[in-house]
Amino acid sequence: MSRTMTGGSVADLILTGGWVIPMDPARQIIENGAVAVRDGRVLAVGTAADIAAAYRAERIIDTTGKAVLPGFIDAHAHAGHGLIKTMAMDGGDRWEEICGEVYTTGSTPEFWYAEARLAALERLRFGVTTGVSLLGGGDTILRSDDPVYGSAHIEGVLEVGTRSIVAVGPTRAPHPRLYANGGQDPKSVDFATQLTTSETLLARWHGAGDGRIRLALIYPVLRDEHADKMSAADFADACTQAQRTRALSREAGVLFTQDGYTRGAVLRAEALGLLGPDALLSHATNLTDEEIAIVAATDSRIAHNPSAIASILGRCPAIELMQAGATVAIASDATAPDRSGDMFRHMQQAMHYHRRHFRDPLVLPQGKALEMVTIDAARAVGMEAEIGSLEPGKRADIITVNLDRPHLAPANMVVHRLVCFANGNDVDTVIVGGELCLSGGKPLKVSEEAIIADANREAEAMIDRIGAHADLALPAHFWGTPRPAMPETVA
């Protein structure tokens, strides 16, 4: 709805009439509240009456019946996974094998562009205005042989309009590693080439799109299994390469992240000098008390993925980490093989995950879960001065959630309803940096139909290239009796 609001100072946009949950230090909940926006930043937050008296704007969005919040932040996900999703997810290690092949020899720039637009659209639809995206994965394979792939990914994200922290870096030693452009022009790629690719992407894209794009650096985590199974020379190379990549992150002043921390990895990272407030450690399962203390003492940040398979195989002590003073964000580890980027889902999963462990239904309060996808997540990625809450001067990354739905009614206890009952499809409006990108659940900058059609084409082309049609079939054990648990997963 557009009309002129009378008042004093001029704003570009005012959202008015909804439940405003700004996630500010006072943790206000403002019934019949309003947010004024100017020049891409939050101008003021208050009651609808106070904002109307103080500001006027040509564009007004009526948020009656909606919650108004800062955009969600997903602190850990994987670029590329969106076109693989559930392929071979029941086939043991086959899903990881597909990722490894696609992210080295089986993908093209067109694949990365189509996947980026699809993943960014998913985030937009779910109210995720900022997300970390590793340019590949599992924890090992990054598409860092040539800047063309990362550039295609970033161009796709910029079209949709969300923010992305794109993590790029070398693969784990040993090198060289074989790469190809969709199976064509194979080449051996060494560590130096991968680091140069990362530097090129950093110089070309960090800060692009009015700050919507940030680069981060990554080197695969070094766990006990690598120390045990790699040759002494290869493991020594991996340690040196991790330190060189970390040095580059500090020189450039960007986030350093690693995927797959578990018991022993924190100790090793501390010994290598990798930790610090600009280090984001993903998963962090089975940490010892000593490692929890190290994370807190170094002010390293944790991306907790409660819906991930890693959180089934081992427990992230997120409660203990937060009690020790560490910053912990809830993240999706999306998209694949069994989870989306819907942060409502992951908040709900996190609460049940830790409640089950402690046999305590109150151990992770709803409000803390919401902090872990907003202001805590902003702190985890080093952006708390810019995003994560609706406060004057911060970037106007704002979402509205439609409360007028059966599963969210009646209209009381709004924050409880959001965290416990809402899902990503309840998001109505998304504003990024003051720009309206989603309205009525529909993207405004791109065609949803065109993005899905392009994703379908590129996924089919990828499946053809790697000969993976058999990986789409239902496994014999899909229906019927549950499979017996693997012996190592039985307590």
Side-chain angles (χ1 to χ4, degrees), residues 1 3 13-24 26-35 45-52 60-74 122-129 306-307 330 332 339-356 361-375 377 389-390 397-431 436-444 448:
M1 179 177 75
R3 58 182 173 83
L13 170 68
I14 293 175
L15 299 90
T16 186
W19 292 83
V20 177
I21 308 168
M23 304 305 295
D24 59 355
R27 297 296 187 266
Q28 299 182 79
I29 301 173
I30 309 171
E31 185 177 2
N32 195 16
V35 181
V45 179
T47 66
D50 287 346
I51 297 297
I60 309 297
I61 297 178
D62 184 355
T63 57
T64 302
K66 297 178 176 65
V68 182
L69 305 121
F72 291 159
I73 300 163
D74 183 353
E122 178 183 337
R123 280 178 165 168
L124 182 71
R125 290 285 307 271
F126 288 163
V128 178
T129 52
S307 305
I330 293 173
S332 71
R339 53 199 171 272
S340 71
D342 183 349
M343 298 308 294
F344 289 101
R345 166 184 173 172
H346 304 303
M347 282 191 284
Q348 292 153 13
Q349 179 74 5
M351 290 188 295
H352 287 286
Y353 183 83
H354 297 289
R355 291 169 179 179
R356 172 64 180 83
L362 303 178
V363 70
L364 181 57
Q366 292 89 347
K368 186 59 186 176
L370 187 58
E371 291 171 358
M372 294 169 75
V373 301
T374 53
I375 189 60
S389 62
L390 303 181
D397 291 4
I398 307 169
I399 66 174
T400 74
V401 180
N402 186 1
L403 301 173
D404 289 334
R405 297 200 169 190
H407 59 288
L408 296 174
N412 55 46
M413 298 186 71
V414 172
V415 183
H416 286 78
R417 300 289 162 77
L418 284 171
V419 177
C420 295
F421 290 92
N423 65 72
N425 292 306
D426 296 321
V427 173
D428 180 86
T429 302
V430 176
I431 295 165
L436 189 62
C437 295
L438 188 84
S439 180
K442 300 296 183 183
L444 301 181
E448 182 169 314

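In this text, all values refer to a predicted model and were calculated from it rather than measured experimentally. Quick note: numbers below take in every heavy atom, side chains included, and nothing from hydrogens, waters or symmetry partners.
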- prompt: Is there a side-chain contact between I61 and T400, using heavy atoms and a 4.5 Å cut-off?
  reply: no
message: Just so I know, are the side chains of P443 and L438 near enough to count as touching, which here means a heavy-atom distance under 4.5 Å?
response: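 When only atoms from C-beta onward are counted, L438 and P443 do touch, with a gap below 4.5 Å.
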How close do [X] and [Y] get, heavy atom to heavy atom, and via which atoms?
X	Y	answer
T374	I73	O-CD1, 3.4 Å
A369	M351	CB-CG, 4.1 Å
Q348	L418	NE2-O, 4.5 Å
R355	P361	NE-O, 2.8 Å
A350	I330	CB-CD1, 3.7 Å
H407	F421	CD2-O, 3.3 Å

field: Set of residues satisfying side chain to side chain donor-acceptor pair (under 3.5 Å) with respect to R356, sequence neighbours excluded
entry: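 If we apply the side chain to side chain donor-acceptor pair (under 3.5 Å) test to R356, skipping adjacent residues, there are no hits.
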query: Between D74 and H346, does any side-chain donor sit less than 3.5 Å from a side-chain acceptor?
result: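 Not at all, the side chains of D74 and H346 share no donor-acceptor pair under 3.5 Å.
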According to salt bridge (Lys or Arg N to Asp or Glu O under 4.0 Å), who are the partners of [X], at least two apart in sequence or on a separate chain?
X	answer
D428	none
R27	E371
R345	none

task: Have a look at V35 and tell me which of L69, I398, I431 forms a side-chain contact (heavy atoms from CB on, under 4.5 Å) with it.
output: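 Running side-chain contact (heavy atoms from CB on, under 4.5 Å) over L69, I398, I431 with V35 returns exactly one hit, I398.
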Roughly how far apart are [X] [atom1] and [Y] [atom2], rounded to 0.5 Å?
X	Y	atom1	atom2	answer
E448	R125	CD	CZ	4.5 Å
N32	T16	CG	OG1	6.0 Å
I30	D24	CD1	CG	7.0 Å
L370	F344	CG	CZ	8.0 Å
I399	T429	CD1	OG1	10.0 Å
D426	K66	CG	NZ	11.5 Å

- request: Could you tell me which residues satisfy ring pair (Phe, Tyr, Trp, His ring centres under 6.0 Å) with F126, sequence neighbours excluded, listed by chain and number?
  value: none
- request: Examine distances only and state if a side-chain atom of D342 and a backbone atom of N423 form a donor-acceptor pair shorter than 3.5 Å.
  value: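 Side chain of D342 to backbone of N423, a donor-acceptor pair under 3.5 Å: no, none is there.
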- prompt: So, does T63 use its side chain to make a donor-acceptor pair with the main chain of L15 at under 3.5 Å?
  reply: no
field: Residue list, side chain to side chain contact (heavy atoms under 4.5 Å, CB included) with P406, at least two apart or on another chain
entry: none
message: Between L403 and R417, does the side-chain contact (heavy atoms from CB on, under 4.5 Å) criterion hold? Intermediate values first, please.
response: CA-CA 9 Å; L403 301 173; R417 300 289 162 77; 5.5 Å; no
message: side-chain contact (heavy atoms from CB on, under 4.5 Å), that's the test. Do S340 and E122 meet it? Break it down for me.
response: CA-CA 8 Å; S340 71; E122 178 183 337; 3.4 Å; yes
